[in-house]
Chemist: 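One structure follows; several queries about it will come next.
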There are 2 protein chains.
Amino acid sequence: MTTSAGPPTVETIAARAGVSIASVSRVLNGHGARPNTVRRVQQAAAELGYVPNGVARSLKGGRTRQLTFAMPDVGNPVYVSMVRQIQAIAKPSGYRLLLHSTDAVAADELDVVRSLADRTSDGLILVPIRVTGEHLKVLSDAARPVVVIGSLPDGAPVDSVRADSVSGAVLAMRHLLAGGRRRIAFVNGPDDTVPGRNRSLGYRTALEEAGLPHDPALTVTTEFGIAAGAAATHRLLDADPAIDSVFCANDQLALGAVHAALDRGLRIPEELAVAGMDDSELARAGHPALTSVDLGSAERGRLAVEMLLARLDGGDHGVRCETVAPRLVVRGSTVAPERAS
Amino acid sequence: MTTSAGPPTVETIAARAGVSIASVSRVLNGHGARPNTVRRVQQAAAELGYVPNGVARSLKGGRTRQLTFAMPDVGNPVYVSMVRQIQAIAKPSGYRLLLHSTDAVAADELDVVRSLADRTSDGLILVPIRVTGEHLKVLSDAARPVVVIGSLPDGAPVDSVRADSVSGAVLAMRHLLAGGRRRIAFVNGPDDTVPGRNRSLGYRTALEEAGLPHDPALTVTTEFGIAAGAAATHRLLDADPAIDSVFCANDQLALGAVHAALDRGLRIPEELAVAGMDDSELARAGHPALTSVDLGSAERGRLAVEMLLARLDGGDHGVRCETVAPRLVVRGSTVAPERAS
DNA sequence: TTGAAAGCGCTAACAC
DNA sequence: GTGTTAGCGCTTTCAA
């Protein structure tokens, strides 16, 4: 029986209420007890401002009520919208959210998965930058349920949620083509990633579909970023002034393309149409606002956390793999508003 | 002695290495042991893929190595840049980061502080939406160290980091005035908050400094958001076409002002200059890019986490209160580039 | 140097 | 309905 030092524990309450610690626990967890006992325990707890020690509870129960979300970069709007959804669902379900930035380092991704063995988190949502064989190995003997946001090879024993960036790119391209654009440049991000290759595939697919030739000179690969997008667009337009539209791998690049066009005195969308991807907050920032393809980052976040919660609730169903459909959002950067200014 | 069920524990390792659990613990924590013992324990641990149970460790040690960051909205770029800094510093210091969105609900803010008593987190960085008397009361008997990002009354017994939005607003206003602007409108966010009142104060201070009258008709208060900023600006310009510049309480509002101006066919910055605040990623998104005042959100995040870590490292110094100086970032929305297009 | 044992705060099985 | 007690996995005295 400790003295009054330190915060109150079940023992403190028990002493004050004149009951055993077991009764304290029962009352506090809403299990049966005589009304008189209930009253005394609750009063003692209230008077002492008792708050159960969550760590002790976790040790006993084997669950921490914590979820981890690990992604490459906290600042990226795409991940921010995932965090937002995850947090919005995890919180009312009684889970805290642990945030982990892997800084796009593969070794760090592996570490997060391995560290599930420290029992500090009940489950993990991981957005890997690239999936290696090592990833698959580590993922398949993770100590806790994991849901991957991204593309996994068929048969990987891990739940996952993926975007469909091929169709997304096709959607944007069809829209440009439908608007009469014929010389469509393509500013892609790094093309050694799965999404990078997929967007490129979508671009070529849509051209083929329309019976247009694929001119490699119209494609530029660059880092993500507004400045990079502007530079790439300048390069494209310098080489080929006949370009009538630019399709960009994300909104930052597209914003850069808009800057470049306006700096050259081109009118958007009349002389140059620009389309981006992600439909982040940035898409609405520019003027004209960006036409963009929503790859469903919020939706992917929502699905991922729901799949994880289902696993945690003992769902022992087979491996799930959901694909989120892209959605084209048309704005002023590709289509002039009805009433011209 | 448990069977092989469940993940390995100190006991499993001890059995395999033929030593006591105490020796296992010592070796694993780098305390002295005979070389032979060290070798056997390490080998057993490696073979079993042992990972210490973090929860048990926390229960014993009284520390979780977790920090909590609670702010009103996960999606707000200002808080995102704080998260980024906090995470960047907490991680190498061996702390995990728990994210909590209060959704701007004061009761939720109080709950986060109170829940520090559950020992689930070693410390808290809180961005309150508004500080009430109740906040001060709850904060002063928090169970763990807390650092507040925001303005606290003098003498509050809590570490804090604040922005200087009065000076920030003055900075932007002086810049507009120096550019020859005389009829400066002001689009403020909700003015029943401390920052709201401060920006308003800065606006009036700068006008007075310049010997200009304060015309209440030039000020509009509105919700944050691009659409709200555009609507407010249209209203202002409808009422007074002589307005030559708009100072906005944040970048979203400023972007809205830019949209409104361009929709009316006004040239920026020649016919209308626009300045924002926060210098978020949005400021670079528009064309022309926004002049904005950086209120140091990244810097505030950095300071807050450092103050918290100092507290946790046993620093029992007095209450600290740091103020971060604002910084004006001039871009095309207030000053035309050298070479006009 | 090492092992036995206590105990962090809690929940739950078991006996009364 | 209530109390006693074991035990979650770990670290750390205290003896040997």
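As a basis for the values below, the full set of heavy atoms in this structure was taken, side chains included, without hydrogen atoms, waters or symmetry mates. All chains are named by letter (A, B, ...) in the order of the sequence lines, taking the proteins before the strands, and each is independently numbered beginning at 1.
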Chemist: Angle, rounded to 10°, between the helical axes spanning five pairs at each terminus of the helix from C:dT1-D:dA16 to C:dC16-D:dG1?
Modeler: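 The end-segment axes of the helix from C:dT1-D:dA16 to C:dC16-D:dG1 are tilted 50° relative to each other.
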Chemist: Within the pair A:Ser25 and C:dT11, is there a side-chain N or O less than 4.0 Å away from OP1 or OP2?
Modeler: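 Result: yes.
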Chemist: Under 3.5 Å, sequence neighbours excluded: what are the donor-acceptor pairs made by side chains of residues 24-34 of chain A?
Modeler:
| unit_1 | atom_1 | unit_2 | atom_2 | d |
| --- | --- | --- | --- | --- |
| A:Ser25 | OG | A:Asn29 | ND2 | 3.3 |
| A:Asn29 | ND2 | A:Ser25 | O | 2.7 |

Chemist: For residues 141-163 of chain A, pull every pair meeting side chain to side chain donor-acceptor pair (under 3.5 Å), keeping only residues two or more places apart or in separate chains.
Modeler: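 Every pair satisfying side chain to side chain donor-acceptor pair (under 3.5 Å) with a residue in residues 141-163 of chain A: A:Asp159-A:Arg311.
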Chemist: Using the side chain to side chain donor-acceptor pair (under 3.5 Å) rule, pick out the option among B:Glu11, B:Gln43, B:Glu47 that qualifies with B:Arg16.
Modeler: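 Only one option passes, and that is B:Glu47.
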Chemist: Could I get the full list of side chain to side chain contact (heavy atoms under 4.5 Å, CB included) partners for A:Asp313, not counting sequence neighbours?
Modeler: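 With sequence neighbours excluded, A:Asp313 shows a side chain to side chain contact (heavy atoms under 4.5 Å, CB included) to no residue whatsoever.
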Chemist: Under the side chain to side chain contact (heavy atoms under 4.5 Å, CB included) rule, collect the residues that match up with A:Arg63, sequence neighbours excluded.
Modeler: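 So A:Arg63 forms a side chain to side chain contact (heavy atoms under 4.5 Å, CB included) with A:Arg65, A:Tyr95, A:Asp122.
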Chemist: Among C:dT2, D:dT4, D:dT11, which is the nearest nucleotide to the side chain of A:Ser20?
Modeler: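 Given the options C:dT2, D:dT4, D:dT11, the side chain of A:Ser20 is closest to D:dT4.
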Chemist: When you measure from the side chain of B:Lys60, which nucleotide among D:dC10, C:dA4, C:dG9 comes out closest?
Modeler: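 Of the options given, the side chain of B:Lys60 lies nearest D:dC10.
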Chemist: Let me know the distance between CG of B:Leu59 and C1' of C:dT11, rounded to the nearest Å.
Modeler: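 These atoms are roughly 13 Å apart.
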Chemist: Would you mind classifying the nucleic acid contact of A:Arg119 as base, sugar-phosphate or nothing, using non-hydrogen atoms under 4.0 angstrom?
Modeler: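 No contact.
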Chemist: Side chains of A:Ser297 and A:Ser81: do they bring a donor and an acceptor to under 3.5 Å?
Modeler: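 Yes, side-chain donor-acceptor contact under 3.5 Å.
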Chemist: With salt bridge (charged side-chain N to carboxylate O under 4.0 Å, His left out) as the rule and sequence neighbours excluded, what pairs involving residues 103-113 of chain A come up?
Modeler: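 Residue pairs passing salt bridge (charged side-chain N to carboxylate O under 4.0 Å, His left out), neighbours aside: A:Asp103-B:Lys91, A:Asp108-B:Lys91, A:Asp111-A:Arg114.
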Chemist: Mind running a 4.0 Å heavy-atom check of residues 50-57 of chain B against DNA chain D and sending the residues that fall below it, in number order?
Modeler: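 Output list: B:Tyr50, B:Pro52, B:Asn53, B:Ala56, B:Arg57.
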Chemist: Not counting sequence neighbours, which residues clear side chain to side chain contact (heavy atoms under 4.5 Å, CB included) with B:Ala88? List them please.
Modeler: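 Applying side chain to side chain contact (heavy atoms under 4.5 Å, CB included) to B:Ala88 gives none.
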Chemist: Taking salt bridge (charged side-chain N to carboxylate O under 4.0 Å, His left out) as the definition, give me every residue that meets it alongside A:Arg57, ordered by chain and number, with sequence neighbours left out.
Modeler: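 By the salt bridge (charged side-chain N to carboxylate O under 4.0 Å, His left out) rule, A:Arg57 matches no residue at all.
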Chemist: Among residues two or more places apart or on two chains, list those pairs meeting salt bridge (charged side-chain N to carboxylate O under 4.0 Å, His left out) that have a residue in residues 296-307 of chain A.
Modeler: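 Qualifying pairs, neighbours excluded: A:Glu299-A:Arg302, A:Arg302-A:Glu306.
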Chemist: Counting only side-chain nitrogens and oxygens, does A:Ser23 get under 4.0 Å of the OP1 or OP2 atom of D:dG3?
Modeler: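 Yes, such a contact exists.
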Chemist: Partners of B:Pro157 by side chain to side chain contact (heavy atoms under 4.5 Å, CB included), sequence neighbours excluded?
Modeler: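 B:Pro157: side chain to side chain contact (heavy atoms under 4.5 Å, CB included) contacts with B:Ser140.
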Chemist: Rounded to whole angstrom units, what separation is found between the CD1 atom of B:Ile21 and the C1' atom of C:dA6?
Modeler: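 It works out to 11 Å between those atoms.
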Chemist: Counting only non-hydrogen atoms, which of residues 28-47 of chain A are less than 4.0 Å from DNA chain D?
Modeler: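 Going residue by residue through residues 28-47 of chain A, the ones with a heavy atom under 4.0 Å of DNA chain D turn out to be A:Ala33, A:Arg34, A:Thr37.
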Chemist: Atom CZ of B:Arg26 to atom P of D:dC10: distance rounded to whole Å?
Modeler: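 Rounded to whole Å, this separation is 15 Å.
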